[in-house]
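Please read all numbers here as calculations on a predicted model, not as lab measurements. One-based numbering, in listed order, for ligands and for the atoms of each.
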Amino acid sequence: MKSGITPFGLVTVAWLLLACSNADPTAAGDGNEKFTTWGETFIETGIPANSNGQDGFIDGWSLHYDKFLVNYHDIVVADGAGDVAATLEKPKFVDNTVPGRKTLAEFDGLKAKNWEKVSYQIKPAVLGEDVVAGDASDLAKMMDNGWSIYVEGSATKSGASGQVIRKTFHWGFKVATQFSDCHHEENGTDTLGVVVTTGSTDVTELTTHGDHLFYDRLQASPDPAIRTALRFDQKAAADEAPYGNGDGEITLEEMCTEPIDVFTYDPSGLNAPTVGDFVIALSRTIGHYRGEGECTMSPIGERLKNPCLEL
Ligand SMILES: [Ca+2]
């Protein structure tokens with residue numbers, strides 16, 4: 001045979017053409033969308049001290065989470081016209097101190113295209129949730145207390161005379177939050193929602209950010225020179241007189257009696273008169289999207305004037 005194309009070569013060319021057509025999300029076909037969650041290193045291993053304030057606590061504290069419990073509800077994949085491709089059947093309970101990415105849902109056989117409207121909710125635990133990771137007894141405790149998020153852990157810092165100061169915390173939050181119009185940037189392109197491609201599985205991580213509870217602003221400054229920093233001093237002070245009982249455990253109730261230091265913390269025009277109000281307001285912001293991606297956050301249901309009144 002003089003032909004340069006062998007039968008094997010023809011098969012290879014045909015396979016390549018098929019592969020190319022499969023990679024085209026506009027071609028007719030189906031694909032899958034998988035949702036996972038991950039707590040990143042701040043929740044898995046801890047938040048260190050770091051003088052830059054972004055990679056750790058600017059005031060010398062370091063913190064370790066023993067539990068970081070979240071209840072995910074109502075994941076929805078839809079398009080701009082309102083056609084719904086998939087919805088989460090049962091809410092999912094997860095402890096994100098359990099290492100690695102945990103699967104929340106797998107939606108198979110979705111039409112391959114850009115589904116622009118992806119949303120989810122974090123709200124209080126309900127009967128019949130799936131335990132994705134963590135203890136069923138913790139889920140029961142969340143249901144009994146009406147919590148959507150619960151964090152437990154300890155923070156330490158070296159005192160003036162070299163002694164180690166240690167504070168523990170066990171905080172349950174009742175906030176219910178809708179995360180809508182989720183989007184993320186990848187390779188310089190901002191993508192709204194998800195892109196399902198024929199014959200493959202796209203993975204969306206509903207990331208939880210454990211550092212947000214300790215932000216010193218409720219909203220990012222429009223001035224990029226003003227960076228949000230992580231702080232713990234005022235939370236630790238809530239356990240001391242005149243606000244707390246000095247037993248080493250910082251309670252939300254103690255933080256809700258301590259006025260926020262407006263010279264250090266910026267409520268960004270929102271209502272957060274106490275340290276407790278500030279932390280509860282920040283608990284709405286732990287939900288992210290594919291790493292550093294974001295969603296539009298809105299409270300579900302009636303919102304009380306001060307977050308501390310929801311305790
Ligand atoms: Ca205390």
Measure from the side-chain N and O atoms of T207 to the backbone N and O of G291, and report whether any donor-acceptor pair falls under 3.5 Å. yes
Among D95, T97, D138, whose side chain to side chain donor-acceptor pair (under 3.5 Å) with K67 holds? D138
Suppose the cut-off is 3.0 Å; how many protein N/O/S atoms fall inside it around the Ca ion (ligand 1)? 6
Got a salt bridge between D59 and K235, using NZ or NE/NH1/NH2 to carboxylate O under 4.0 Å? no
Can you tell me how far the NZ atom of K157 sits from the CD atom of Q163, to the nearest 0.5 Å? 10.5 Å
How would you list, by chain and number, every residue that makes a side chain to side chain contact (heavy atoms under 4.5 Å, CB included) with R227, sequence neighbours excluded? Q54
Would you kindly say whether K102 and N96 are connected by a side-chain donor-acceptor distance under 3.5 Å? yes
